[in-house]
Protein chains: 2
Amino acid sequence: MSYTYEYPHPAVTADICIFSIREGTLKVLLIQRLIDPFKDSWAIPGGFIKMDEDLAVGAARELEEETGVSGVPLEQLGAYGAPDRDPRERVITVAFMALVPSDQMVLAAATDAADAQWFDMDELPALAFDHATILADARARLADKVTNRVTETAKSAFQFLPQKFTLAQAQAVFETLKGEPLDKRNFRKWIAANWDLVDLKEKTSGGRHRPAALYSVDF
Amino acid sequence: MSYTYEYPHPAVTADICIFSIREGTLKVLLIQRLIDPFKDSWAIPGGFIKMDEDLAVGAARELEEETGVSGVPLEQLGAYGAPDRDPRERVITVAFMALVPSDQMVLAAATDAADAQWFDMDELPALAFDHATILADARARLADKVTNRVTETAKSAFQFLPQKFTLAQAQAVFETLKGEPLDKRNFRKWIAANWDLVDLKEKTSGGRHRPAALYSVDF
DNA sequence: TCAAAAGTGTTCGTTATACACCCATGT
DNA sequence: ACATGGGTGTATAACGAACACTTTTGA
């Protein structure tokens with residue numbers, strides 16, 4: 001089957017930057033490409049948009065196909081369309097991003113992906129296409145969104161915490177997302193002022209040091 | 001000549017929201033479509049991206065072809081790709097926006113455009129495709145960008161002022177761009193703090209009322 | 001003298017930032 | 001006793017928002 005047009009058409013893809021926190025560090029979900037170009041290179045997941053699906057829907061589908069990850073709320077980052085960004089043909093990509101919990105997530109590489117793995121944002125491999133640029137843009141946007149206001153993005157930060165958590169644990173999560181250390185007292189003021197924390201009147205135990213108070217959060 | 005692909009490809013367009021101030025009100029540059037679909041409807045200028053040009057370059061080219069407007073710095077707004085947004089075939093558009101002075105600008109409708117005119121943002125005609133949505137997004141972004149920091153977008157606001165201007169004139173420009181009235185004293189504090197105003201030690205004359213001090217701005 | 005626009009400061013609330021010491025526990 | 005992380009308050013600066021009266025001119 002082939003498709004013919006009177007004028008040349010670019011291909012359009014969606015690429016998705018999926019961030020998570022694992023082992024206390026910010027990770028991004030990458031796939032290893034199974035096919036050329038950039039065969040065997042790592043890349044952010046993505047693929048061609050179908051003719052009858054919305055951009056965000058196509059992005060979600062490609063994400064699930066290549067990595068097994070589904071049900072994440074994607075936010076559009078923008079379009080990337082340098083003429084030579086794909087050596088095959090003209091490909092314009094629309095980039096999306098999301099922040100998700102990943103503890104119970106099972107990665108399942110399929111379709112164009114030989115493998116799907118979480119990479120530490122500080123130890124990225126060489127990336128296919130212009131994905132390093134896209135990912136850098138996404139990283140910057142993530143840091144902006146997490147602490148400024150009580151947005152959906154900020155809410156999702158709490159997914160990296162157990163239901164009962166200490167303030168030190170919460171601080172570590174926000175530091176990881178923001179990419180810089182935060183002042184302990186200022187952080188505690190901020191979280192108390194901006195979120196509905198419930199003091200559970202419980203303390204951690206078994207630690208080597210002073211027990212910490214446990215909290216939960218109501219949205 | 002025709003172009004054949006193994007898989008279906010969408011068409012990709014760039015659409016451009018060009019804002020200006022004319023007669024003291026915020027205007028947007030629209031074209032009247034010469035061809036179907038939406039023949040005779042008004043639309044924001046735009047058209048198909050060529051295979052070897054960058055998105056922003058294509059947007060600038062389409063803008064010039066259809067309206068005669070050139071040399072404007074475009075900022076990407078995002079991609080719009082609902083499957084049915086174009087009745088002909090699947091068309092994904094990348095929207096751009098800019099704020100430009102228009103006093104000496106000569107509009108020259110050509111190519112797909114029967115006409116090119118400035119429309120008052122408060123009196124828009126029915127627009128083709130999903131252009132009403134795109135334009136509303138652009139309008140919101142414009143208001144955000146103009147007053148918050150000393151950005152390029154904010155700089156361009158001064159292009160709507162004569163070289164020697166009064167603070168009341170400047171306030172009127174910023175109010176138009178922001179879409180809401182500003183407090184006189186707060187505005188004067190803000191403009192003095194954020195811009196390098198030069199007090200020209202001159203006053204307006206010929207007005208019916210108290211003369212106003214004239215300023216110019218250095219960047 | 002009146003109408004109309006020009007000009008001018010202070011207060012308050014919120015937010016971000018900086019910063020140092022004592023406390024409770026396990027070893 | 002000591003090492004380790006838990007826990008706490010105050011001061012300052014910057015910013016945005018609210019707000020009313022006097023001055024100067026032409027008609």
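Sequence lines set the chain letters: A, B, ... in the order given, protein chains first and strands last, and positions in each chain run from 1.
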[X] [atom1] - [N] [atom2] separation (whole Å):
X	N	atom1	atom2	value
A:Asn194	C:dA16	CG	C1'	12 Å
A:Arg188	C:dC19	CZ	C1'	16 Å
B:Trp190	D:dG16	CH2	P	10 Å
B:Phe187	C:dG7	CZ	P	12 Å

Taking five pairs at each end of the helix from C:dT1-D:dA27 to C:dT27-D:dA1, what angle separates the two helix axes (nearest 10°)?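 Roughly 20°, once rounded to the nearest ten degrees.
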About how many Å separate NZ of B:Lys27 and CD1 of B:Ile21, when rounded to the nearest 0.5 Å?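 Nearest 0.5 Å value for the CD1-NZ distance: 11.0 Å.
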To the closest 0.5 Å, what do you measure between CG (B:Leu214) and CG (B:Leu200)? 6.5 Å
Do [X] and [Y] have side-chain heavy atoms sitting under 4.5 Å apart?
X	Y	answer
A:Ile18	A:Thr67	no
A:Ile16	A:Met97	no
B:Phe19	B:Leu135	yes
A:Asp218	A:Leu197	no

List the atom of A:Asp199, the atom of A:Tyr215, and the distance in Å for their closest heavy-atom pair.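 So the two residues come closest at CA-CD2, 3.7 Å.
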Shortest non-hydrogen separation from B:Ile49 to A:Arg90 and the atoms involved: CG2-NH1, 3.7 Å
Run the side chain to side chain contact (heavy atoms under 4.5 Å, CB included) test on A:Ile134 and A:Cys17 for me, step by step, so that the C-alpha distance in whole Å, both residues' side-chain angles and the decisive distance to 0.1 Å come before the verdict. CA-CA 8 Å; A:Ile134 296 172; A:Cys17 300; 4.0 Å; yes
Of residues 163-173 of chain B, the positions that come close to DNA chain C - non-hydrogen atoms, cut-off under 4.0 Å: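 Only B:Ala168 qualify.
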Heavy atoms only, 4.0 Å cut-off, all strands: where does A:Ala193 land among base, sugar-phosphate and nothing?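 Here A:Ala193 touches no strand at all.
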The test is side chain to side chain contact (heavy atoms under 4.5 Å, CB included); show your working for B:Arg85 and B:Tyr80 and say whether it passes. CA-CA 9 Å; B:Arg85 60 178 294 283; B:Tyr80 294 77; 4.3 Å; yes
In B/S/- notation, 5' to 3', how is nucleotides 18-27 of chain D contacted by protein heavy atoms closer than 4.0 Å? BBB--BBBS-
Aromatic centroids of A:Phe174 and A:Phe158 separated by under 6.0 Å: yes
